[in-house]
Amino acid sequence: MAGGLLLVLLGVWQAGPALAAARGAGTQGTFTAVRADCFEHHPGKHLCTWLGDFRSDDGKVVRKGLTLYDSEQDSLTAGRTVYAFDTGRPDHVYGAGGSREWVTVVILFVLGAVLMARPLLFRRRSRETARQPVASGDARGPGHARSA
């Protein structure tokens, strides 16, 4: 149950920013790519994320060293500036396409609810099984002789 509660709480903590990212809500601005951070995902296949700086359209918000979450990351190059928005996450901003992080939040809620409910459902089944009457007498039924 505790694990389920932890997952639900994690989902609650992530829900606001994930929904904002899905809607494209937040501080509008630009992301300037500084460097790619790449690793080999499969032999011969590299996955890269871009680190860079975010600047709001009004110039009041400047954040450095952030990761850009965007499906178009493969087309970035160092120094290129693209549209982005900031939902307040401490380590990243989102590109024009937003995000589908809300799917992860829904999964956290569902798994958490299942884990929290499991002990209650198991306990209920145990009680129902204990309440069922047990037939008395010979389990083989009438007409069978008992051996001595």
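Computed from a prediction, not measured in an experiment: that's the story for all the values here.
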TODO: List the atom of Arg89, the atom of Pro17, and the distance in Å for their closest heavy-atom pair.
DONE: NE-CB, 3.0 Å

Open item on the list: Any non-hydrogen side-chain atom of Leu108 less than 4.5 Å from a side-chain atom of Val8?
Closed with: no

Open item on the list: Quick check for you: to the nearest 0.5 Å, what is the distance between Thr32 atom OG1 and Leu68 atom CG?
Closed with: 10.5 Å

Open item on the list: Between the side chains of Asp86 and Arg63, is the shortest nitrogen-to-carboxylate-oxygen separation below 4.0 Å, so that they form an ion pair?
Closed with: yes

- [ ] Find the distance between CG (Leu19) and CD (Glu101) and round it off to the nearest 0.5 Å.
- [x] 10.5 Å

Task: Leu6-Ile107 co-clustered via ILVMFWY side chain contacts under 4.5 Å - done: no

Open item on the list: Quick check: closest heavy atoms across Thr27 and Ser56, and the distance to 0.1 Å?
Closed with: CG2-CB, 3.5 Å

Task: Derivation and outcome, side chain to side chain contact (heavy atoms under 4.5 Å, CB included), residues Asp37 and Arg35 - done: CA-CA 7 Å; Asp37 186 15; Arg35 69 177 175 86; 4.2 Å; yes

Open item on the list: For Ala20 versus Phe85, what's the shortest heavy-atom pair and its separation?
Closed with: O-CE1, 4.0 Å

Open item on the list: Applying a strict under-4.5 Å side-chain criterion to I, L, V, M, F, W and Y, I'd like to know whether Val103 and Val106 cluster together.
Closed with: yes

- [ ] Verify the cluster assignment for Val12 and Met116: are they in a single hydrophobic cluster under the rule of side-chain heavy atoms below 4.5 Å apart?
- [x] yes

Open item on the list: To the closest 0.5 Å, what do you measure between CG (Leu10) and OG1 (Thr104)?
Closed with: 10.0 Å

TODO: Examine the side chains of Thr81 and Thr30 and answer whether a donor and an acceptor come within less than 3.5 Å of each other.
DONE: no

Task: In one Ile/Leu/Val/Met/Phe/Trp/Tyr side-chain cluster, 4.5 Å: Trp102, Trp13 - done: yes

Open item on the list: As an exercise, state the distance from CG of Leu7 to CG of Leu111, rounded to the nearest 0.5 Å.
Closed with: 6.5 Å

Open item on the list: To the nearest 0.5 Å, what is the distance between CG on Asp53 and CG on Leu66?
Closed with: 7.5 Å

Task: Heavy-atom closest contact (Ala33 atom, Leu76 atom, distance) - done: CB-CD1, 4.4 Å

Task: Phe109 vs Val105 side-chain heavy atoms within contact, under 4.5 Å - done: yes

Task: Aromatic centroids of Phe54 and Phe31 separated by under 6.0 Å - done: no

TODO: On the 0 to 90° scale, with breaks at 30° and 60°, tag the His92-Tyr69 ring pair as parallel, tilted or perpendicular.
DONE: parallel

Open item on the list: Can you tell me if Arg55 has over 12 outside heavy atoms packed within less than 6.0 Å of its CZ?
Closed with: no

